[in-house]
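Worksheet for the structure shown next.
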Amino acid sequence: MTPQHRLVVLSNRGPLSFARDSSGELRAKRGAGGLVVTLGPGVEREGALWVAAASAPDDIAAARSGLLDAEGFHMRAVEIDNGTYRAYYDVVANQTLWFCIHGLWDLPRRPRFDRRWAEAWDAFRLVNERFAAVAADCAGEGATVLVQDYQLALVPRVLSRMRPDVRVIAFMHTPWCTPEELSVLPDAAADELMEGLGAAGACGFHSRRWAAAFAACCLDRLGRQPEVFVAPAAADADDLRAVAGSEECASELSRLDELVGDRQVIVRVDRMELSKNVLRGFWAFDELLEARPDLRGRVVFAAKLYPSRQGVADYLSYAQEVQTLADRINANWSTPEWTPIVIDPEDNHVAAVAALRRADVLLVNPVRDGLNLVAKEGPLVNDRDGVLVLSRNAGAWDELSENALGVNPFDVSGTASALAQALDMSAGEKAQRSKALRKVVESRTPLDWFDDLLGAARGRG
Ligand code: F6P
């Protein structure tokens with residue numbers, strides 16, 4: 001019989017992924033993205049069961065050979081064949097729902113809801129039903145199930161019907177869209193989506209803005225206000241500072257120092273992702289170099305842009321567009337001693353932390369972002385009282401607005417001015433702002449966030 005757990009977490013991506021080493025042994029690797037940082041400490045403290053999808057052959061092999069109880073996590077895999085997974089994850093979750101809730105569609109051309117898409121929506125429903133069935137099987141009487149993110153948006157309704165005794169809480173690590181933006185989806189899908197999430201006991205967001213947008217969509221589609229709560233995720237300061245203080249990080253920092261010398265450095269750390277607004281960041285830097293000849297040769301833009309969702313054509317072409325733009329800007333401005341933009345596509349957490357330490361300016365300019373953990377991580381490890389230039393459309397803006405320099409992410413000239421202001425800022429003002437940012441960021445931990453979810457489950461959302 002399956003052990004009956006009192007707390008079950010569901011997410012598409014689990015805390016571990018597996019790959020074979022040179023001798024063919026399966027080795028665990030920490031899962032990509034901010035979800036593990038956010039959920040990990042609470043899941044470990046509570047001994048919760050973490051249910052996640054397995055579709056890659058090595059992940060399925062690891063699940064079958066009982067390797068999922070590792071690194072402090074108890075996991076259970078929902079095995080999904082590759083074709084179904086591609087339809088659920090690439091077509092619906094990434095190309096449809098992600099674009100809808102981040103406002104990314106190029107409406108004259110896309111989306112295109114045709115027969116192929118309708119089949120993908122069926123696959124999306126099927127995967128959600130499979131997750132709900134596994135949760136129903138593992139959850140003890142009266143257990144709490146914490147459903148993470150839009151990929152599993154249909155789970156709360158299915159699970160609540162299967163197991164009315166279970167308390168289901170949903171949390172979206174993303175923004176949410178307006179009712180008008182939602183109405184681009186076919187009516188039946190939009191209704192199913194909102195009925196799915198609306199069946200949760202409560203649905204949480206990182207920012208009050210996204211919670212309000214979600215509530216407006218519920219009112220529009222379901223004719224009722226759902227229970228919502230706001231719980232901004234927190235950076236794991238101890239973990240991050242341990243990485244920042246490691247020898248490996250010191251060597252990454254020396255490598256970066258060799259590259260940039262004593263120049264000022266603008267840093268960004270992002271997935272190669274359309275919502276992160278990388279192009280406008282580079283256009284702004286280009287405009288800055290145009291307007292300020294004194295900065296030429298004196299500033300490097302170090303962009304850590306690690307690969308993401310490479311099964312989606314839009315992501316591949318976006319990465320190409322970003323590279324082409326950086327090449328053009330470099331061809332225009334570089335000198336034998338100076339390359340203005342340096343892109344590092346490697347997914348290397350330690351090198352990213354080294355860059356956050358070295359940043360004179362940290363640029364976080366998403367079109368729309370649920371929170372943006374990097375905006376909180378930077379101030380914690382930065383060595384130079386670096387200035388945070390932050391999009392007003394990032395959820396983290398709620399907490400950091402007083403001491404970051406705010407930008408409208410669509411305004412390239414405004415972003416160029418904010419970068420200039422940050423680079424020119426006096427040492428006194430930088431010190432005061434970064435101290436205040438650190439204080440805000442340190443005031444919350446990942447466990448506080450997790451406790452907010454448990455509080456919502458107990459009805460104190
Ligand atoms: O921010 C939303 C989110 O789904 C996170 O939960 C996740 O860490 C990130 O996007 C990356 O997404 P994916 O798992 O598709 O790479």
Quiz item: Quick one: which of Phe214, Phe229, Trp210 gives a ring-ring contact (aromatic ring centres under 6.0 Å, His included) with Phe205?
Solution: Phe214
Quiz item: Using the ring of each side chain (for Trp, its six-membered ring), is Phe99 parallel, tilted or perpendicular to Trp105, with breaks at 30° and 60°?
Solution: tilted
Quiz item: Within the side chain of Trp338, is there an N or O that forms a donor-acceptor pair under 3.5 Å with the backbone of Arg298?
Solution: no
Quiz prompt | Step-by-step ring-ring contact (aromatic ring centres under 6.0 Å, His included) determination, Tyr318 to Tyr315 | solution = CA-CA 5 Å; Tyr318 188 71; Tyr315 281 66; 7.8 Å; no
Quiz item: So, are Glu252 and Arg357 salt-bridged, with charged N and O less than 4.0 Å apart?
Solution: no
Practice problem: Decide side-chain contact (heavy atoms from CB on, under 4.5 Å) for Arg112 and Trp117; before the verdict, give the C-alpha distance in whole Å, the side-chain angles of both, and the deciding distance to 0.1 Å. | Solution: CA-CA 8 Å; Arg112 179 169 150 188; Trp117 185 86; over 6 Å; no
Quiz item: Hey, what's the ring geometry for Trp449 with His173, parallel, tilted or perpendicular (30° and 60° as the breaks)?
Solution: tilted
Self-check item: Donor-acceptor under 3.5 Å (Asn277 side chain, Pro409 main chain)
Solution: yes
Exercise. Decide, yes or no, whether a salt bridge links Asp106 with Arg110 under the criterion of side-chain N to carboxylate O below 4.0 Å.
Key: no
Practice problem: I would like to know whether Thr415 and Trp283 meet side-chain contact (heavy atoms from CB on, under 4.5 Å); could you show each step before the answer? | Solution: CA-CA 9 Å; Thr415 305; Trp283 283 324; over 6 Å; no
Practice problem: Compare every heavy atom of Pro41 with every heavy atom of Val36, then report the nearest pair and how far apart it is. | Solution: O-CD, 4.2 Å
Quiz item: Which heavy atom in Arg433 sits nearest to a heavy atom in Asn403, and how many Å separate them?
Solution: NH1-O, 3.3 Å
Self-check item: Sole residue of Leu305, Val364, Leu362 in side-chain contact (heavy atoms from CB on, under 4.5 Å) with Arg268
Solution: Leu305
